[in-house]
> 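Dumping the structure here so I can ask a few things about it.
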Amino acid sequence: MSNPKLDFVDLKTQYAALKGPIAERMQRVLDHGQYIMGPEVAELEERLAAYTGARHCITVASGTEALLIALMALDLKPGDEVVTTAFTFAATAEMIVLLGGVPVFVDIEPDTCNIDVSQLEAKITPRTRAIMPVSLYGQAADMDEINAIAQRHGLPVIEDAAQSFGADYAGPDGKSRKSCNLSTFGCTSFFPSKPLGCYGDGGAIFTSDDRLAQACREIRVHGQSARYTHTRVGVGGRMDTLQCAIVLAKLERFDWEIERRLAIGARYNELLAGRLPVVAQRPGRTSVFAQYTVFVDDRPAVQASLIAQGIPTAVHYPRPVHRQPAYAAHAPAGGCPQADQVAERCLSLPMSADLSAADQDRVIGALAVAARR
Ligand SMILES: Cc1ncc(COP(=O)(O)O)c(C=O)c1O
């Protein structure tokens with residue numbers, strides 16, 4: 001077959017490389033039988049906290065749950081406003097609304113697709129309780145500028161880092177830090193296709209605030225400060241021991257995978273230079289390319305041409321959140337024109353640490369033909 005279908009995210013080759021450590025880690029859990037809050041949970045939390053530099057890591061049931069628990073730890077009340085981006089996966093705004101809060105959408109920078117900080121401060125009101133930027137596609141948002149605005153207004157910042165675990169960020173001081181350790185909270189996802197994924201749902205909250213960390217730990221287990229002492233209202237939001245074991249096994253080659261993702265992203269950039277616009281990277285920041293995204297005209301035709309050549313693509317996202325029926329009531333006056341434009345033109349390409357140079361060439365060659373560049 002001349003055009004075998006590529007995987008959009010190749011988890012099979014990764015599994016083949018890690019089969020031994022994954023089996024070993026899972027067997028250990030099956031042997032000790034502590035499926036809930038077993039020793040792998042604390043081990044993973046320690047490893048991930050050390051990796052990011054944050055003082056605390058609290059594993060939770062998913063990236064969505066991480067956002068929910070962080071907002072609950074901040075005691076978000078009905079009517080409280082949270083300033084966030086209009087261009088993200090719905091979960092970001094969903095957890096605000098679920099708690100009765102009001103998402104206040106800000107438009108995006110058309111090149112990075114992250115929140116446009118120049119429009120952020122004007123959205124802050126006396127009812128604002130938090131700022132929630134998203135480090136979209138794997139690159140941190142303008143976290144220093146966001147933190148400075150937050151500080152001026154006495155607000156906490158939750159980085160929705162579901163797509164950016166492993167990314168580096170250097171602010172104006174030139175010091176490099178890890179995504180998830182850039183603000184009050186960092187919340188990530190271990191959804192299987194994420195740069196660090198498990199084999200089901202999982203997520204984590206990072207913070208260096210001892211009081212907030214304790215609140216998250218309690219909220220994660222039904223608000224218990226001690227067994228059967230329910231000090232606050234919480235949720236059943238734990239990450240399974242088996243999923244923690246899988247992430248621990250995957251950490252064995254995570255540094256290598258991140259290097260590969262960076263290199264493949266750089267190579268895609270090089271091959272596309274002068275042909276097609278791609279999501280921009282800011283100096284001093286890496287993207288871990290949870291998605292490698294380009295901008296095309298006539299996206300349906302480009303997608304059809306690529307899939308005919310065995311190359312799957314995806315759209316992150318076809319509609320900004322404020323245009324989704326569930327959130328349209330919160331659409332800002334004047335809309336979010338940049339988010340609208342990006343939603344029409346964005347197209348994500350296959351990206352995995354194991355994507356060979358030949359397959360990278362195949363993707364770009366086919367894309368150049370499909371987009372007639
Ligand atoms: C930006 C963003 N926020 C939140 C989430 C939710 O994460 P999860 O699927 O682990 O609940 C995702 C996952 O796709 C995401 O991309």
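Note that these values count all heavy atoms, side chains included, but never hydrogens, waters or copies made by symmetry. Atoms within a ligand are numbered from 1 in the order they appear, just like the ligands themselves. Not measured: the values here are computed from a predicted model.
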> Check whether any N or O atom of T88, backbone or side chain, sits under 3.5 Å from an N or O atom of ligand 1, and answer yes or no.
no

> Between R285 and D168, does at least one N-O distance fall below 4.0 Å, as a salt bridge requires?
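Looking at D168 together with R285, the answer is no, because their closest N to O distance does not fall below 4.0 Å.
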
> Give the residue and atom name of whichever protein heavy atom lies nearest to atom 8 (P) of ligand 1, and the separation in Å to one decimal.
G63 N, 3.5 Å

> In the protein, what heavy atom is nearest to atom 3 (N) of ligand 1, and what distance, to one decimal place, separates them?
D160 OD2, 2.7 Å

> Look at atom 5 (C) of ligand 1 and find which of F89, Y137, F87 reaches it with the closest heavy atom.
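Closest candidate by heavy-atom distance is F89.
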
> Do F295 and L347 have side-chain heavy atoms sitting under 4.5 Å apart?
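F295 vs L347: side chains apart.
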
> Which protein heavy atom lies closest to atom 16 (O) of ligand 1, and at what distance to 0.1 Å?
Q163 NE2, 2.8 Å

> Should A162 be counted as touching ligand 1, given the test is an N or O pair under 3.5 Å?
no

> Is there a nitrogen or oxygen of S189 sitting under 3.5 Å from a nitrogen or oxygen of ligand 1?
yes

> Under 4.0 Å from a heavy atom of A91: which atoms of ligand 1 are those, numbered in the order shown and with their elements?
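Answer, ordered by atom number: 4 (C), 6 (C).
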
> Considering heavy atoms of the protein only, find what lies nearest to atom 9 (O) of ligand 1 and give residue, atom and distance to 0.1 Å.
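For atom 9 (O) of ligand 1, the nearest protein heavy atom is F191 CD1, 3.9 Å.
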
> Determine whether any heavy atom of Y317 lies closer than 4.0 Å to an atom of ligand 1.
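True for this residue.
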
> Check the pair E45, R217 against salt bridge (charged side-chain N to carboxylate O under 4.0 Å, His left out), reporting the backbone distance first and the verdict last.
CA-CA 12 Å; E45 291 177 347; R217 288 191 191 284; 3.2 Å; yes

> Can you name the closest pair of heavy atoms from I307 and P312 and give their distance?
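Reported closest heavy-atom pair: CD1-CA, 3.7 Å.
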
> Is it true that R232 and E218 make a salt bridge, defined as a side-chain N closer than 4.0 Å to a carboxylate O?
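Judged by the 4.0 Å cut-off on N to carboxylate O distance, R232 and E218 do form a salt bridge.
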
> Hey, is R220 close enough to E65 for a salt bridge, meaning N to O under 4.0 Å?
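Looking at E65 together with R220, the answer is no, because their closest N to O distance does not fall below 4.0 Å.
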
> Answer yes or no for K194: is there a heavy-atom contact with ligand 1 below 4.0 Å?
yes

> Please state which part of V134 comes within less than 4.0 Å of ligand 1, counting heavy atoms only: side chain, backbone, both or neither.
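Side chain only.
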
> Looking only at heavy atoms, which two atoms of Q119 and D107 are closest? And how far apart?
OE1-CB, 3.8 Å

> Nearest 0.5 Å, what's the CD-CG distance between E159 and L67?
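Output value for this atom pair is 11.0 Å.
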
> For atom 6 (C) of ligand 1, what is the closest protein heavy atom, and at what distance to 0.1 Å?
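It is T64 OG1, 3.4 Å.
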
> Given side-chain contact (heavy atoms from CB on, under 4.5 Å), test I205 with V60 step by step and report yes or no.
CA-CA 7 Å; I205 304 168; V60 292; 3.9 Å; yes

